[in-house]
K.L.:
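Pasting a structure here, questions to come.
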2 protein chains.
Amino acid sequence: MKMEKKRRLPTTEVLMEIDRNSYEPAYMQLVNLIKQQIAMGMFRPGDQLPSESQLCSRYHISPMTVRRAINILIDQKIATASQGKGTFVTSIKLGSAAFHLKELQDFFMDKNTTVKILEVRIVPANKRTGKKLGVKSGEAIIYIRRLLLQGEEPFFYHKEYLIYDPARPIVESELEVTSLRGLFNGTGSSEFKKGDLNIEATVITREETQVLKTQEGLPAFRIEHIFYDFAENPVSWGWFICRGDKLRFTTTVGIQETF
Amino acid sequence: MKMEKKRRLPTTEVLMEIDRNSYEPAYMQLVNLIKQQIAMGMFRPGDQLPSESQLCSRYHISPMTVRRAINILIDQKIATASQGKGTFVTSIKLGSAAFHLKELQDFFMDKNTTVKILEVRIVPANKRTGKKLGVKSGEAIIYIRRLLLQGEEPFFYHKEYLIYDPARPIVESELEVTSLRGLFNGTGSSEFKKGDLNIEATVITREETQVLKTQEGLPAFRIEHIFYDFAENPVSWGWFICRGDKLRFTTTVGIQETF
DNA sequence: TAGTGGTCTAGACCACTTA
DNA sequence: AAGTGGTCTAGACCACTAG
C-alpha cells in the first residue's frame with residue numbers, strides 16, 4: 001500500500017514556475033511550491049530536497065532568493081539542513097507543537113468582554129508574595145481581584161499582586177479591561193520587559209465557585225504570570241483561573257494548508 | 001519614575017561593533033546587539049529603530065545583512081515593520097506566548113521511560129470513532145491502550161484508535177515506546193503528513209485512577225490527537241491523560257536572555 | 001520629494017561532507 | 001576534488017508614507 005502510493009504519486013508531476021508578475025514574492029512562491037510537492041508526496045520525510053543551485057537553475061531565481069525560501073521551510077520545521085550534506089524533509093514532531101495564547105486573545109478582544117473589579121487593596125506582603133515580588137515581608141503591595149465576563153457569563157478569575165509605588169498612584173484605567181487587553185495585543189503602555197508564564201491543570205476551589213458561578217471540583221486551567229520591568233525586577237505576580245469547559249488550546253503539526 | 005529612567009539609561013551607551021572575525025555571523029551579532037539595547041532601555045516599546053541604511057553605515061555591513069537581522073527581530077515579535085514608516089519596538093504581548101510540547105519530549109526521551117501495553121484489540125468502530133477516522137460504523141479498527149511510566153511511576157495513560165489495514169500487520173515494535181518516541185523527536189518512519197492537537201483541562205476519572213494510581217477528581221491534562229496520512233485521511237485518533245501534578249507548561253514573553 | 005521598508009540580483013568566499 | 005549549505009556584498013528597483 002505504502003509502496004504503491006510512492007510509485008504512483010510522482011506521475012502527477014507539477015511543473016509550476018515562479019510567476020514574476022505575481023503580487024506574491026518569489027521566495028514565498030517557492031516556499032509554497034515545495035510545500036505542495038511535499039504534501040503531494042513527491043518528497044517524503046527523510047528525502048533530500050533539490051540543492052540550492054538546482055533550485056536556482058530550475059526556477060531561474062538567484063541563490064539568495066532560494067536561500068530565503070529554504071530558511072522559511074527550516075524554521076517552520078518542515079525541513080532541516082546540514083552543511084555539506086543537503087536539505088531534508090523532516091517527519092512530523094510532536095515536540096515541535098506549540099500552543100498559542102492567541103486563542104485567549106480573542107476573549108479579550110471581544111466587545112462583550114467586561115472586567116469587574118472585585119477588590120483592590122493595599123496589603124502587607126506575606127512570605128510568599130514578598131518572595132515572588134522581591135520585597136520584604138510586611139511591605140505594602142497592591143492586591144487586585146478581577147472577574148472577566150463575556151456578556152453575563154464569568155469565565156476568568158484573576159488575582160494579581162503588584163509592586164506598590166507611592167509616587168505612582170493607582171490609575172483607575174489600569175484596573176479596567178484596557179490594561180489586560182493591552183497586555184494581550186501589545187497596545188498597552190507596557191512597563192514590562194518580559195514575563196514568565198506557566199500553565200497548569202487544576203480544579204475549581206470553593207472560593208472560585210462563588211465568582212465563576214460553577215461547581216467545585218470541575219476542571220480548570222491556571223495561568224500564572226510574573227512580569228518584570230526593564231530593570232529585571234518583578235512588578236506583578238498573579239494568575240488566571242479559567243473554567244476548563246470554556247477554554248481549550250489547539251494546534252497543528254506537519255504540513256499546514258497555507259496555499 | 002518612568003521618565004527618570006528614560007533619561008538616565010541612554011548615558012550608559014554601548015558602542016559595540018560587529019566583529020568580523022567572530023564565529024558568530026554578523027546578522028546574529030546585530031540581532032543580539034539590538035536586543036541588548038532594547039533590554040537596557042535605549043529603545044523602549046513604541047520607539048522607532050534606526051533605519052536600515054543607518055544600521056548599514058553605523059555597523060559597516062550590507063543591506064541584506066541588516067535586513068536579515070531585522071527579519072529575525074520581527075519574527076521573534078520583538079519589532080514590527082511597516083513599509084514607508086519604519087521599524088518599531090513592540091511591547092510584550094501575551095497573545096504571542098506559545099507553550100511548547102518540547103517539555104513533554106523530555107519525558108519520552110528519558111531512559112527510564114517505559115511503555116506498558118495494556119490492551120490491543122481489533123474492534124468494530126462505533127459511531128464516534130467511525131466519524132473521527134472516516135470509516136463506517138462497524139468496520140474493524142485497532143484499539144490500543146498504553147501506560148507510560150517513568151521508573152515505576154505511571155504518568156501518562158494513552159488510548160488510541162487506528163485504521164486497520166489487513167495488508168499491513170500490526171508490528172510489535174510500533175506498539176512500544178519507539179513509535180511514540182519517534183513521534184516526538186521525528187525519528188519515526190512517520191506515515192503522517194499532519195496532526196491536529198488539542199489540550200484540555202480535565203479531572204481523573206474512576207477508570208483512570210486504576211492505571212495512573214491516583215485519586216478520582218484530581219486535575220489532569222487531556223491531550224487529544226488526530227494524525228493524517230499523505231492522502232489527508234485520518235489514521236489515528238486518541239488522547240493522553242496526564243496527571244496535573246506531573247506536568248506543567250512554561251514559557252516566556254518579551255526579551256529573552258539569549259546573549 | 002525624500003525617506004522608509006520589501007524584494008531581488010549575480011555573483012563571491014567559506015566550512016563542511018563524501019568519495 | 002566535487003558538491004553541499006552558510007554567509008555576505010554592493011548595489012538595484014519597487015511600494016509605501018510623510019511633509
K.L.:
Would you mind reading off the distance between A:Tyr59 atom OH and C:dT7 atom P, rounded to a whole angstrom?
P.N.:
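The distance from OH of A:Tyr59 to P of C:dT7 comes to 20 Å, rounded to the nearest Å.
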K.L.:
Nearest of C:dG5, D:dG5, D:dT9 to any side-chain atom of B:Arg20?
P.N.:
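Nearest listed nucleotide: D:dT9.
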K.L.:
In whole angstrom, give the distance that lies between atom CG of A:Leu55 and atom C1' of D:dG3.
P.N.:
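Whole-Å distance recorded here is 14 Å.
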K.L.:
Less than 4.0 angstrom between a side-chain N/O of A:Thr65 and OP1 or OP2 of C:dC8, yes or no?
P.N.:
no
K.L.:
A:Tyr23 has an atom OH; how far is it from atom C1' of C:dT7, in whole Å?
P.N.:
16 Å
K.L.:
OP1, OP2 of C:dT7 versus side-chain N and O of A:Arg68: anything below 4.0 Å?
P.N.:
yes
K.L.:
Has the side chain of A:Ser82 got a donor or acceptor atom that lies under 3.5 Å from a matching backbone atom of A:Lys85?
P.N.:
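Here the side-chain-to-backbone pair does not exist.
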K.L.:
Expressed in angstrom and rounded to an integer, what is the separation of B:Lys85 atom NZ from D:dA18 atom P?
P.N.:
5 Å
K.L.:
Can you identify which nucleotide, out of D:dC8, C:dT9, C:dG5, has its nearest atom closest to the B:Ala26 side chain?
P.N.:
D:dC8
K.L.:
Could you tell me how far apart A:Met64 (CE) and C:dT7 (C1') are, to the nearest whole angstrom?
P.N.:
11 Å
K.L.:
Both B:Glu52 and A:His60 contact DNA chain C. Which one's nearest nucleotide lies toward the 5' end?
P.N.:
B:Glu52
K.L.:
Could you tell me whether A:Lys246 sits above the aromatic face of A:Phe155, with NZ or CZ closer than 6.0 angstrom to the six-membered ring centre and within 45 degrees of the axis?
P.N.:
no
K.L.:
Counting just side-chain N and O atoms, does B:Tyr27 come under 4.0 Å of either OP1 or OP2 of D:dC8?
P.N.:
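Negative; the distance criterion is not met.
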K.L.:
Mind calculating the distance between CG (B:Leu49) and C1' (C:dG5) to the nearest angstrom?
P.N.:
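These atoms are roughly 12 Å apart.
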K.L.:
May I ask you to evaluate whether B:Ser53 reaches the phosphate of C:dT4, defined as a side-chain N or O under 4.0 Å from OP1 or OP2?
P.N.:
yes
K.L.:
Salt-bridged, B:Glu224 to B:Lys132, with N to O below 4.0 Å?
P.N.:
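B:Lys132 and B:Glu224: salt-bridged.
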K.L.:
Rounded to whole Å, please give me the gap between CD in A:Gln48 and C1' in D:dG3.
P.N.:
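Those two atoms, CD and C1', are 10 Å apart.
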K.L.:
Checking B:Arg146 against B:Phe156: charged group under 6.0 Å from the ring centre and within 45 degrees of the axis?
P.N.:
no
K.L.:
Go through the steps to decide whether B:Arg68 and A:Asn71 satisfy the test side chain to side chain contact (heavy atoms under 4.5 Å, CB included), and finish with yes or no.
P.N.:
CA-CA 11 Å; B:Arg68 186 162 179 188; A:Asn71 277 334; 3.8 Å; yes
K.L.:
Write down the partner of C:dC13 under the Watson-Crick or G-U wobble criteria, each distance required to be under 3.5 Å.
P.N.:
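Looking at the geometry, C:dC13 pairs with D:dG6.
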K.L.:
According to a strict under-4.0 Å criterion, is B:Ser51 in side-chain N/O contact with OP1 or OP2 of C:dT4?
P.N.:
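Yes, because at least one side-chain N or O of B:Ser51 sits under 4.0 Å from OP1 or OP2 of C:dT4.
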K.L.:
Is the shortest side-chain N/O distance from A:Ser62 to OP1 or OP2 of C:dC8 below 4.0 Å?
P.N.:
no
K.L.:
The side chain of A:Gln83 lies closest to which of these nucleotides: C:dT7, C:dC16, C:dG5?
P.N.:
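Closest of the options to the side chain of A:Gln83: C:dC16.
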K.L.:
Find the distance B:Gln54:CD to C:dG5:C1' and express it as a whole number of Å.
P.N.:
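Rounding to the nearest Å, CD of B:Gln54 and C1' of C:dG5 are 13 Å apart.
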